> 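One structure is given below, represented as structure tokens, and several questions about it will come after.
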There are 2 protein chains.
Amino acid sequence: MEKQKLAIPKGYRKTRQREAILKVLEQAEYPINAEQIFMELRNRGIDISLSTVYRNLEMLTKEGLVVKSYMMNEDKARFALPDKKNYLVCEKCGKIVIIDNCPFDKFKEELIEVHGFEITGHSIEVYGVCPECQKK
Amino acid sequence: MEKQKLAIPKGYRKTRQREAILKVLEQAEYPINAEQIFMELRNRGIDISLSTVYRNLEMLTKEGLVVKSYMMNEDKARFALPDKKNYLVCEKCGKIVIIDNCPFDKFKEELIEVHGFEITGHSIEVYGVCPECQKK
DNA sequence: GGGCTTTTGCAAATGATTTGCAATATCAGT
DNA sequence: ACTGATATTGCAAATCATTTGCAAAAGCCC
Ligand SMILES: [Mn+2]
Ligand SMILES: [Mn+2]
Ligand SMILES: [Zn+2]
Ligand SMILES: [Zn+2]
């Protein structure tokens, strides 16, 4: 099956700003924060305000198109498309690497069985030292 | 081996406030935020200021005695002893259940092999609906 | 107990995120 | 294409969790 094109949810209007935010998130390699999205849009010549970025991120998150997360020692939220929500972070240089084949699915069954929860989502953050930083 | 008693790290002074914060965290069943710790201390008759709570949480986190985390749709940090850092959250009622046998360890090896990271820590948050809320 | 350093409390500052409001844009229905 | 109803935006101001400066109080080694 094809990687399906990201569409603005039913009931919401298609605006220049909204589409541009989604495009930035599609092209991002890992979760980024509101300010970064804002600046990237400015670089691309998109006229937008920071509050519009925040308002759209809130709605996209609520609709499940985007996943919000927090990184250790940062007090800003980051946002990413769902396929980039699990990652490794280097404690030394801050490098972020996406975990592609999410290990979590294999444990879903076990968690359901043990706790009786119906599971709707998860997020995994792993800290460590990247190969480059290990050499130093 | 015994569950070792939580001690204030070498080089730091033993204060009434610091010990009380640690005790609250020891007795907590899941991660709680600074304000909750503050109010619990007040309830227990401990005279303390909110900034002292924050300052101690920062130092305890830096020293690794405490783990900081963020929950979805909350903009406050939560703190817990390391054994309570992975949890399930009910999207309906907010109930939090600790994941005792952390599934992550089984994937550590695979992550190390695939990404070359030296892994120092992780945090897992799982969202879902608890058994009680499913009945409704 | 004395002296030296850390810790605390309080009030003020910070900084990310949210919100009120008036202006603008989108879109469904004509 | 035009219009009205409604959603969205920009800007400035408000929020609120967290941090910080500073002077007073406490802990610790001798
Ligand atoms: Mn996963
Ligand atoms: Mn904040
Ligand atoms: Zn690195
Ligand atoms: Zn529930």
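Fair warning: this is a prediction, and the values are worked out from it, not measured in the lab. Every chain is numbered from 1, with letters handed out A, B, ... down the list of sequences.
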> Taking all atoms of both residues into account, what is the closest heavy-atom pair of P31(B) and R78(B), and its distance?
O-NH1, 2.7 Å

> For R13(A) and for Y70(B), locate the closest nucleotide of DNA chain D by heavy-atom distance; then report the residue assigned to the nucleotide nearer the 5' terminus.
R13(A)

> Check this for me, if you would: do K136(B) and E132(B) make a salt bridge, where the nitrogen-to-carboxylate-oxygen distance has to be below 4.0 angstrom?
no

> Name every residue in residues 49-69 of chain B that has at least one heavy atom under 4.0 Å from any atom of DNA chain C, in order of residue number, or write none if there are no such residues.
S49(B), S51(B), T52(B), R55(B), N56(B)

> Taking all atoms of both residues into account, what is the closest heavy-atom pair of I8(A) and E19(A), and its distance?
CD1-CG, 3.8 Å

> Return the value, rounded to whole Å, for the distance between atom CD1 of I48(A) and atom P of dA25(C).
14 Å

> If I take atom CD in residue E74(B) and atom P in nucleotide dA17(D), what distance separates them, rounded to the nearest angstrom?
10 Å

> Looking at K76(B), I'd like to know whether one of its side-chain N or O atoms comes within less than 4.0 Å of OP1 or OP2 on dA17(D).
yes

> If only side-chain N and O atoms count, and only distance matters, is there a donor-acceptor pair under 3.5 Å linking N56(B) with R18(B)?
yes

> Extract all donor-acceptor atom pairs below 3.5 Å that involve side chains of residues 37-51 of chain B and protein atoms in other chains or at least two apart in sequence.
residue : atom : partner : partner atom : Å
E40(B)  : OE2  : R44(B)  : NE           : 2.6
E40(B)  : OE2  : R44(B)  : NH2          : 3.2
R42(B)  : NH2  : I48(B)  : O            : 2.7
R44(B)  : NH1  : Q27(B)  : OE1          : 2.9
R44(B)  : NH2  : Q27(B)  : OE1          : 2.7
S49(B)  : OG   : S51(B)  : OG           : 3.4
S49(B)  : OG   : T52(B)  : N            : 3.3
S49(B)  : OG   : T52(B)  : OG1          : 3.1

> In whole Å, what is the span from the CG atom of N33(A) to the C1' atom of dT17(C)?
12 Å

> Measure CZ/R16(B) against C1'/dT6(C) and give the value in whole Å, please.
15 Å

> Roughly how far apart are F117(B) CZ and K95(A) NZ, rounded to 0.5 Å?
6.0 Å

> What is the distance, to the nearest angstrom, from the CG atom on D75(B) to the P atom on dT19(C)?
11 Å

> What is the distance, rounded to the nearest whole Å, between atom CZ of F38(A) and atom C1' of dT17(C)?
14 Å

> Nearest whole angstrom, please: distance from the P of dT8(D) to the CG of L22(A).
13 Å

> When the nearest nucleotide of DNA chain D is assigned to R18(A) and to R78(B) on a heavy-atom basis, which residue is associated with the more 5' position?
R18(A)

> To the nearest Å, give me how far apart NZ (K10(A)) and P (dA7(D)) are.
15 Å

> It should be established whether Q17(B) places a side-chain nitrogen or oxygen under 4.0 Å from OP1 or OP2 of nucleotide dA26(D).
no

> For residues L81(A) and L65(A), determine if any side-chain heavy atom of one lies less than 4.5 Å from a side-chain heavy atom of the other.
no

